[in-house]
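Nothing here was measured: the structure is a model prediction, and the numbers come from that model. Per chain, numbering begins at 1; letters A, B, ... match sequence-line order.
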Protein chains: 2
Amino acid sequence: MVPHLTTALSGPLVLLEKRILQAMPDIEHWFRTQWQEVSAPFYASVDLRNAGFKLAPVDTNLFPGGFNNLNPEFISLAVQAAQVAVEKICPEARRLLLIPENHTRNTYYLRNVLELCNILKAAGMEVRVGSLSPEVTEITRLETHDGLPLILEPLVREKNRLKLNAVSFEGIDYAAFDSCAILLNNDLSGGIPDTLQGLEQYLIPPLHAGWATRRKSQHFSAYNTVVDRFSTLLDIDPWLLNPYFETASGIDFHARVGEDLLAEKVESILKKTQAKYDEYGITQQPFAIVKADAGTYGMGIMSVKSADEVRDLNRKARNKMSVIKEGMAVSEVIIQEGVYTFETINEAVAEPVVYMMDHFVIGGFYRVHTGRGIDENLNAPGMHFEPLAFEKPCTLPDCAGAPDAPPNRFYAYGVVARLALLAAGLELQENDPLNA
Amino acid sequence: MVPHLTTALSGPLVLLEKRILQAMPDIEHWFRTQWQEVSAPFYASVDLRNAGFKLAPVDTNLFPGGFNNLNPEFISLAVQAAQVAVEKICPEARRLLLIPENHTRNTYYLRNVLELCNILKAAGMEVRVGSLSPEVTEITRLETHDGLPLILEPLVREKNRLKLNAVSFEGIDYAAFDSCAILLNNDLSGGIPDTLQGLEQYLIPPLHAGWATRRKSQHFSAYNTVVDRFSTLLDIDPWLLNPYFETASGIDFHARVGEDLLAEKVESILKKTQAKYDEYGITQQPFAIVKADAGTYGMGIMSVKSADEVRDLNRKARNKMSVIKEGMAVSEVIIQEGVYTFETINEAVAEPVVYMMDHFVIGGFYRVHTGRGIDENLNAPGMHFEPLAFEKPCTLPDCAGAPDAPPNRFYAYGVVARLALLAAGLELQENDPLNA
């Protein structure tokens, strides 16, 4: 099942998809040369919005959850890509210590951790899961939503190494575990814990990829660079792939500091977007997304259609905007052009999420959302969505088919997701403390 | 559908499969370190024989046909592997000139060429097919067995480059084509044509991979080295993965020169094999395969159970043995321990063929042969076989399943095929004229 594009305004997008399809060998050649200069992150997922007239990334996650939502038929693509990634980073590695998020009660997230373990094991690694959670004081068996076991072990810091102790549990002997590399599936929203500071082991991704230091605006600034180059290659308007954004700092939602600045920026984004809508004959009303510049998890985020909306926030809205995951306060925000979601399945909004390992697209799924508007954020806290795995890989365009035939739409997703991936690579390179 | 292993003697193989499964992280780590030192061929296919008590490669093809026989569900694995291969060899390449075999009347082979083109195109290359055949004097549209078009163009040599001319054909304009790399799907059994000598373009695989210079005995000698290392790693008897072989040169089947030498070698192989059969309690009768040391295509090959059989060859058999593909005379032969095929589907013998690109296993199929003995050669000229694509990739063992459960048997195939691939890499390295 593939979502329908329910818009009369799909003209420019079909043009874009057509252009992408035609230029496919040039695009792949271009990516090859780009990856000679920029290292791909170990893994990433990219949230896309397909407005019919525009296809753009709205979020790039460097600690992707949701591997459990991918099509199991194509998990071998992930295995093969993981092998490439391991070979590049640490060919001598035998063992990998995986550090997940602390929310051990989310049994769907646990399923993601298990799937990631399975991929890495199939790629030939010995994998064990070590938890940062203060609740995990001894080896623990948790259960995923579908009843599969996941073993979590307490991390042990010995000088500059993180290890797992030897232990006997439920009749199985676990040897002491000292790995040459550590894979983080924890986005460090709460800051970098002491346990992870100054390790001599190889950390994947590096600490500066975490939300303790990462900023969305740095990512989208790198994305501007990438899209400008790519648009020149394809001779297209970069706006078709890129939402406008601005930043505002020194905001205090509680104390109502910075409201005017924020309103000004919203005004500016809406005006620029309206000009583009006019240019392309789009009759929808522009909207903007205001969100914390550091990682959210769908918290600290709002959708506005006029500058006034950020001026008259009630207490509840101000509270909602002022803190994000792990209780971090918000003072820097990013104001981004909203991109309509015009893909639907059975009248439910469907948002594609593309998964990558190293520089390979390994699959993806749709977040299918019933009872939610086309201009709202689909990744909000407590929000329920049904995952719908992509039924085909994103690497097999059908050049003889229509530009919007499913394999070609998947290919276009994969291209735009890789542009965001390239931006993430650039962003990590630019913000590497070793390069400072 | 997966073939049955119809033998009461599967004991040692289940042990072998069990050992392979247990040692999986060690095996993958070992392969990773091996590929740091040895370059993988661009592509290869390996014919395996599964005797229940033994699992071994009998032929390693560096110009694989049969891509059309792979499971279309997993062609994305081939695409991803091809991208890795292209990045390693020539990341700047945009175009690839594919040179196929000359037998343009084999419409199944044409389908293989088309599939290979599709994989390379999906990997982002511009691909055109240039023919060495003197019959292809102008651009020609051929048709595959299933009615798909394949365009062949005459090669044009300009100084040290092979190109295709600009041409208009059936309403389509083909630009002049000058590629930085040339992919050979032609095994050069008839010698290296002048057209291919001294080119400045990158030839993949290199000319010395062709049967004009390659020898099976060099391959199996490299395979000895590889299996010895691997068997030490797994602490197993290398014979379980490796058929004995010897060579004999100066043979002239027509003139009956060298018969005694050949008989002696056959005797020696059968004796050593019998000793192993005794050791493992195998009651079958040992047999040996005598074949041309240079590439065959199933010609110049015979199966014998006693030394006398090579002494009393009638005229017909001598004729059959004395020439191979392209009419080349046979004077060097390899005498190899025969490996029984105990895999059957509906009572038909089934021989697995594993396909690889770069160092990745991308799939495979069974040659399913009705009305043929378990000790005969399945790749004989004019022989008909039904391909049965592997239904799953070879990279997803089920460590919780039985050692001979299908995913685990596929994994074991992939491991043994990669041992042969590693041997091919070593062989190409050792026989590289640049290293001479």
Contact part of A:Y411 toward chain B, heavy-atom cut-off under 4.5 Å: side chain, backbone, both or neither?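 Answer is neither: A:Y411 stays 4.5 Å or more from chain B.
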Distance from B:H29 atom NE2 to A:E92 atom CD, nearest 0.5 Å?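 B:H29 NE2 to A:E92 CD: 5.0 Å, rounded to 0.5 Å.
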At what distance, to the nearest 0.5 angstrom, does OG1 of A:T395 lie from CD1 of B:I119?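 Atom-to-atom, A:T395:OG1 and B:I119:CD1 are 11.0 Å apart.
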Among A:K121, A:Q83, A:R94, find the residue that satisfies the side chain to side chain contact (heavy atoms under 4.5 Å, CB included) test when tested with B:E28.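 Between B:E28 and the candidates, side chain to side chain contact (heavy atoms under 4.5 Å, CB included) is satisfied uniquely by A:Q83.
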May I ask you to name which of A:K392, A:E126, A:H359 has the most heavy-atom pairs under 4.5 Å with chain B?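 When all of A:K392, A:E126, A:H359 are compared, A:H359 has the most.
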When you look at OH of A:Y202, are more than 12 heavy atoms from neighbouring residues, nucleotides or ligands closer to it than 6.0 Å?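 12 or below, so no.
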Would a 4.5 Å heavy-atom cut-off, applied to side chains only, mark B:M125 and A:M24 as touching?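 Heavy-atom side-chain distance check fails, nothing below 4.5 Å.
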Can you see which heavy atom on A:R32 is nearest to which on B:A123, and at what distance?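 It is NH1-O, 3.8 Å.
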Provide the closest heavy-atom pair for A:V361 versus B:Q80 in the form atom of the first, atom of the second, distance.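 For A:V361 and B:Q80, the tightest heavy-atom pair comes out as O-OE1, 4.2 Å.
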Between B:P91, B:P397, B:C394, B:A81, the one whose heavy-atom pairs under 4.5 Å with chain A are most numerous: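 Greatest number of close heavy-atom pairs with chain A: B:P91.
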